[in-house]
Protein chains: 2
Amino acid sequence: MSERIPETETGQDQSGGLRQRKRRENHNRIAATGLKLFIDNGFEATTLDMIAEAAGISRRTFFHYFKSKEEVLLARETRDFPDALRNGMMKMRHHVAPWPAAIECLLTLASRYETRDSFAIDRLLRSTAALRARKCAFYEELEQVLGEAMDELWPAPEQQAAHRVIAMAAIGVLRLALDDWRRESAMYPVAHYLQNNLSVIESQF
Amino acid sequence: MSERIPETETGQDQSGGLRQRKRRENHNRIAATGLKLFIDNGFEATTLDMIAEAAGISRRTFFHYFKSKEEVLLARETRDFPDALRNGMMKMRHHVAPWPAAIECLLTLASRYETRDSFAIDRLLRSTAALRARKCAFYEELEQVLGEAMDELWPAPEQQAAHRVIAMAAIGVLRLALDDWRRESAMYPVAHYLQNNLSVIESQF
DNA sequence: TAAAATATTGCACTGAGTGCATAAAAATAC
DNA sequence: GTATTTTTATGCACTCAGTGCAATATTTTA
């Protein structure tokens, strides 16, 4: 097999021993080849055997890296974005109120969605009922994370319901903005659509 | 093709020929026995063979009635509630604004959730990641339906974004209310928790 | 270099879901 | 009534996702 794969990749793969490096390399390679196959052949038409073979591992080993086929598609977004949202929100201590804090946070993070793969991934996420459902669950997770961050920033048990409502509204605006962004084929940056939808919500209540 | 389909709708199973009656009976029986098995043994531990045998049909025939195991669990809610929501909303013509219309509609429909099976079904819907995701998707469908009803009631293309935001907020409040209702083991009717959460949202924006 | 820890693999298995061909049953035509 | 057509039920064989287990290979450590 191939010995050292320098792997400049997006983030550093410099740390740990041989084991950890290999693990990360395998993980990245499986995710990358899997995504490519999904884009080329569709999600359902891509079998685990195809992914395993293309990634140079055995079928059985695949499951030491991902617990399902879906996870290959969702891994990055599902892992990175919630953390980024939480961290981003916790930096908003200077705000006196949750709503403007959440908005500023989302405007900062919106650009994370503007990657070249976004469209292809979203197409895939709409291609089956199970994946569409996962996408919804992902947004619900964001609501959860955002609400909890607010609870930490403005600790007051009687405010938690309000925090959840605000988080729902904020993530709702994000969803609408991303829909618009894709509908208009990324004509403007995501932040632009976010602003548009914000003005809608603020004129309503 | 089928000639007369009297369609008594949700209620009586009196209509149609022998074929239609049998079909409905089988459908109901599979759903009922399936749900019972899910409650008793858990969703994953219940196999299609168990359901088929308990319902007195062959495994293969199961798939002429439901396209997946999940559908057995989701069939009723996913079919009835969206229609009820749409119909309920269309009756709110006398309202001048979407938000109070949606709220009155939800307050009317809330009692639909107060069935004896609600708790058991919800427990099941939380038991696996796939089912949790389906539940989210269900609420998203409600948002969609509600938003479209508003578009029909107050036709104005430039208002559609506002309608979607209002629908998201309304369904969001419903979700929070149902969570509260279950958390407090149905101490008060759903409408009570709905009112509580409404006051939260209306004090925020 | 030896021993312990961890990763990889193959094999056999369960269970969901589908395609296809055939038999049974119901609706319709005669 | 019987013949015909349409719809439904079933069995069989298959693909594919995912898991448990045991054996092998690789990395770490002692």
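Here is how names work: the chains are called A, B, and so on, in the same order as the sequence lines, proteins then strands, and each is numbered from 1.
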Practice task
Compare side-chain N and O positions of A/Asn26 against OP1 and OP2 of C/dT8 and report whether any pair is under 4.0 Å apart.
Solution key: yes
Practice task
Would you kindly check whether a donor in the side chain of B/Arg19 faces an acceptor in the base of D/dT6, or vice versa, at under 3.5 angstrom?
Solution key: yes
Completion exercise
Numerically ordered, the residues 49-68 of chain B set in heavy-atom contact under 4.0 Å with DNA chain D is B/Ile57, B/Ser58, B/Arg60, B/Thr61, B/His64, B/Tyr65
Exercise for the section: Taking the side chain as every heavy atom from C-beta outward, state whether B/Met50 and B/Asn41 have any atom pair closer than 4.5 Å. Expected result: yes
Handout entry: A/Phe138 and A/Phe81 aromatic ring geometry - parallel, tilted or perpendicular at 30°/60° bounds
Key = perpendicular
Completion exercise
To the nearest angstrom, the CZ-C1' distance between B/Phe38 and C/dG15 comes to 13 Å
Problem - Given D/dG18, C/dG17, C/dA7, the nucleotide with the shortest approach to the side chain of A/Arg23 - result: C/dA7
Handout entry: Side-chain touch B/Gln195/B/Leu107, heavy atoms, less than 4.5 angstrom
Key = yes
Problem - DNA chain C: 5'-proximal contact among B/Lys22 and B/Glu70 (nearest heavy atom) - result: B/Glu70
Problem - Flag, side chain of A/Glu104 to backbone of A/Pro100, donor-acceptor distance under 3.5 Å - result: no
Exercise for the section: State plainly whether the residues B/Glu25 and B/Arg29 are in salt-bridge range, i.e. N to O under 4.0 Å. Expected result: no
Problem - Any side-chain heavy-atom pair of A/Leu142 and A/Pro82 under 4.5 Å - result: yes
Handout entry: Length of the CD-P vector between A/Glu44 and D/dG18, whole Å
Key = 12 Å
